[in-house]
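Okay, structure first, notes after.
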Amino acid sequence: MNTIEPKGRDPSPDGAWTLVFLAWLIASASTLGALFLSQVMDIAPCVLCWYQRIFMFPLVFVLPAGLFPFDTRIVRYAFPLTVAGWMIALFHVLVVAGVIPENVSPCAQGIPCKDQQIEWFGFLTIPLLSLIAFSVIGLLLVLTHFKVSK
């Protein structure tokens, strides 16, 4: 029997499904962590934190939409969100480090972007956690792209 799969869908892409699922887990953990910090611990996010959330939160819904059934085009939809969030997170990390002057950042009103309410192990800040999350999600999506384009 000859079955025709819709274009862009592959029922068994060697390990690509797992990579996208891992990216979803990281996006979900990041989203839950951000909501926990703001809603439970009462740590108000700065403007740059809000921008990073704008790009992280949709990944929680976009990534699983490409998992059931697996859609090889999921990278096309999720990667731009990841890159934009990564660029904002990098900018925020550079503001916190003092490389970029704070007057250049959009945090003129409200919570200052340079102030860090949490610093674990002497170096791990919320913007750095965001940068790491976007980096890992981006890496997983790039690996997914190469697995499905074989």
Rounded to the nearest 0.5 Å, what separation is found between the [atom1] atom of [X] and the [atom2] atom of [Y]?
X      : Y      : atom1 : atom2 : result
Ser38  : Trp50  : OG    : CH2   : 6.5 Å
Met87  : Leu131 : CE    : CG    : 12.0 Å
Phe134 : Phe55  : CZ    : CZ    : 8.0 Å
Leu141 : Leu22  : CG    : CG    : 11.0 Å
Phe57  : Leu59  : CZ    : CG    : 11.0 Å
His145 : Leu19  : NE2   : CG    : 13.0 Å

Would a distance-only check, ignoring hydrogens and angles, find a side-chain to backbone donor-acceptor pair under 3.5 Å from [X] to [Y]?
X      : Y      : answer
Ser130 : Ile126 : no
Trp17  : Phe70  : no
Trp24  : Val60  : yes

Looking only at heavy atoms, which two atoms of [X] and [Y] are closest? And how far apart?
X      : Y     : result
Lys147 : Ala16 : CD-N, 3.9 Å
Pro58  : Arg53 : CD-O, 4.0 Å
Ile137 : Thr82 : CG2-OG1, 3.6 Å

Do [X] and [Y] have side-chain heavy atoms sitting under 4.5 Å apart?
X     : Y      : result
Val20 : Leu140 : no
Leu63 : Leu67  : no
Ile74 : Val62  : yes
His92 : Cys46  : yes

Practice prompt. Identify whether Leu32 and Leu25 are in the same connected component of the hydrophobic contact network (ILVMFWY, side-chain heavy atoms under 4.5 Å).
Written response: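 No.
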
